[in-house]
Amino acid sequence: MPISTPPTSIVIFGASGDLTQRKLIPALYNLCVRERLDPSTRIIGFARRPYSHAEFRTLMHAAVKQFTPASYSDVAWANFAPRLSYVQGNLNLAEDYTRLDEFLREREGGANISRLYYLATAPEFYAPCVELLAAQGMATEDTAPRRIVIEKPFGHDLASAQALNRTVLAAFAEQQVYRIDHYLGKETAQNIAYFRFGNTVFENVWNRNYIDHVQITVAETVDVGNRAGYYDGSGVLRDMFQNHLLQLLAQVAMEPPASFKATPIRNEIAKVLSAVRPLTPETLPEQVVLGQYTGYCQTERVRPNSRTPTYAALCLYIDNWRWQGVPFYLRSGKAMQTKVSEIAIQFREPPRAIFPPETRHSLNPDVLSLCIQPDEGIHFRIDAKLPGTIAETRSVDMTFHYADLGEFSTLPEAYERLLMDALIGDAALFIRGDAIEMAWALVDPIIAAYEQDDRLPVHRYAYGSWGPDAGHELLRCSGREWLNLCGTHPPGGHPH
Ligand code: BG6
């Protein structure tokens, strides 16, 4: 039974941009194919380029064909296309918002139609757009919900995120605001909570008594490519850690919420982020490694002597009863050897070694690995005795793959889920204002240490490698190593 969403005017600000074509329109098209959109729901593009409705539809047609080819059909497109229209306007001009509002009112025909404003613009337009929507009375919920989705980056540092929160919350109430992090829309990220709180087995060992450490890796093979101009002013801490990696950490480490609703979930996320021990000038050098791939400074639009890190590895601690003393190692980088997003949980060794010494040496700690992408699934590495031997053991891998779920094996794009949630008013997978600020407070000292002075070295690493040696040393110095179970399969295992 498809979940239906209420009749809504979805207004995409910055509709001529990349995000609209690559993600938003294909996701809305797929929601339409899956009968999730109400027949009265309309999608209105708003941007400066002078498109007619027909020209906008033609552009979006090409985007849908290109970015969601598997679900494309002429019939489905013909069904979707009439929902699209376009209003030309300047994001800084009040009268253009008035025109937009008139256009929407006419379309809505006085009916109680919800509105979803999607800010897919460059970040410098977030504040003016929000202010002008409020000034035109377009944020007021007289007859139906008015919601706003704000893309990342939400701020550039703590101070700018606080300022943006102030502006946004002067115009909209917190429950109208949907700050997006597309990692939370990924099925595999959502499954972390189901895995932990929907099974009794794991939650009992999900703490410092049983877990030695946790690793979160988000590695990409791509380099900064044609986003170099943006990236050089941003770097991996802003681009990946402040949002995606810290949100994954929160999913792994948070306490069970009282119910699976937005407020209790977001309370727990805020609680755990507020318990992450802040990095200080004294701890930074021991807990943070930065890297930059070779050739980065030769990229067009990158400053020739840029110190912007394209890789970082962090060791964080969470000061609460559950996690006291357990290191959380986080790493992410561009131009790495493999594309993989993985959470690996390494369990402690058994309290007493009862096997003969030769067996003991071949035993490995148990590892549970949650593979976010691309090998979506779960691996559990345990030791087993080799049949026919006296006491030889080997690590074996118990696996689950989404690909084996038959009719459910196709994973929807994160944006489909997030757009649907915003349409029905469920903010559980969106970031609350306080959590955004807490995440900035955690990464700000690292950014300051390499941007404002040279307190942190930025190590070079070979393009296509696993990052600088110092990133390995971060774990090695305590006898640990980075794990990569995603994509590994036991002999005769599943050939994904
Ligand atoms: C974005 C970053 O938020 O996430 C990009 O700005 C990065 O730099 C991307 O490539 C990674 O997302 P995904 O879904 O491909 O893992």
Side-chain angles (χ1 to χ4, degrees), residues 14 17-24 26-27 30 67-68 118-123 126 149-156 161 178-192 216-249 251 290-293 296 299 301-302 306 308-312 330-343 370-377 402 411-419 429-431 436 439-440 443 447 463-464 467 484 486-487:
D18 216 38
L19 181 71
T20 306
Q21 301 195 23
R22 282 176 178 275
K23 299 288 182 191
L24 304 183
N30 282 326
F67 295 114
T68 179
Y118 200 114
L119 300 192
T121 66
Y126 294 169
V149 181
I150 306 179
E151 263 296 334
K152 71 170 271 266
F154 195 94
H156 194 68
Y178 293 72
R179 299 173 194 79
I180 212 163
D181 183 321
H182 79 279
Y183 261 65
L184 293 185
K186 289 181 191 280
E187 280 291 338
T188 41
Q190 291 169 48
N191 199 34
I192 300 170
I216 303 179
T217 295
V218 179
E220 298 183 275
T221 48
V222 292
D223 57 28
V224 298
N226 56 13
R227 294 168 74 228
Y230 145 79
Y231 195 91
D232 201 42
S234 172
V236 70
L237 272 317
R238 292 188 175 99
D239 191 50
M240 299 297 288
F241 279 79
Q242 186 275 336
N243 37 66
H244 311 322
L245 276 99
L246 286 175
Q247 286 304 318
L248 290 178
L249 174 137
Q251 296 295 319
L290 303 177
Q292 187 187 79
Y293 64 80
Y296 172 76
T299 314
R301 293 195 302 280
V302 166
S306 172
T308 299
T310 59
Y311 166 99
L330 277 57
R331 70 173 163 169
S332 180
K334 299 258 186 224
M336 304 270 288
Q337 196 175 92
T338 307
K339 177 173 173 66
V340 64
S341 300
E342 172 174 9
I343 298 166
L370 308 174
C371 299
I372 308 293
Q373 61 189 22
D375 165 39
E376 289 92 352
Y402 284 75
L411 302 184
E413 264 282 317
Y415 277 92
E416 286 175 41
R417 170 62 193 257
L418 294 173
L419 277 162
L429 298 179
F430 294 82
I431 324 283
I436 287 254
W440 276 120
V443 298
I447 296 171
Y463 193 107
N484 181 206
C486 280

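When a residue number appears, it is its place in the shown sequence, counting from 1. Treat the numbers as computed from the prediction; the structure is a model and nothing was measured. Just follow the structure's listing: the first ligand is 1, and inside any ligand the first atom is 1.
Distance alone, capped at 3.5 Å, is enough to place a donor-acceptor pair between the Arg238 side chain and the Gly233 backbone. Judged purely by atom type and a 3.5 angstrom limit, Thr20 uses its side chain to pair as donor or acceptor with the backbone of Gly14. Glu187 contributes no side-chain N or O that, together with a main-chain N or O of Pro412, makes up a donor-acceptor pair within less than 3.5 Å.
Across every non-hydrogen atom of Ala439 and Gln242, the tightest pair is CB-O, 3.2 Å.
The contact shell of ligand 1, taken as protein residues with any non-hydrogen atom closer than 4.0 angstrom, comprises Lys152, His182, Tyr183, Lys186, Glu220, Arg227, Asp239, Met240, His244, Lys334, Lys339, Gln373.
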*With side chain to side chain donor-acceptor pair (under 3.5 Å) as the test, would you mind laying out the steps for Glu416 and Asn30 before giving the verdict?*
CA-CA 7 Å; Glu416 286 175 41; Asn30 282 326; 3.1 Å; yes

*Could you go step by step and tell me if Tyr126 and Glu151 meet the side chain to side chain donor-acceptor pair (under 3.5 Å) rule?*
CA-CA 9 Å; Tyr126 294 169; Glu151 263 296 334; 5.7 Å; no

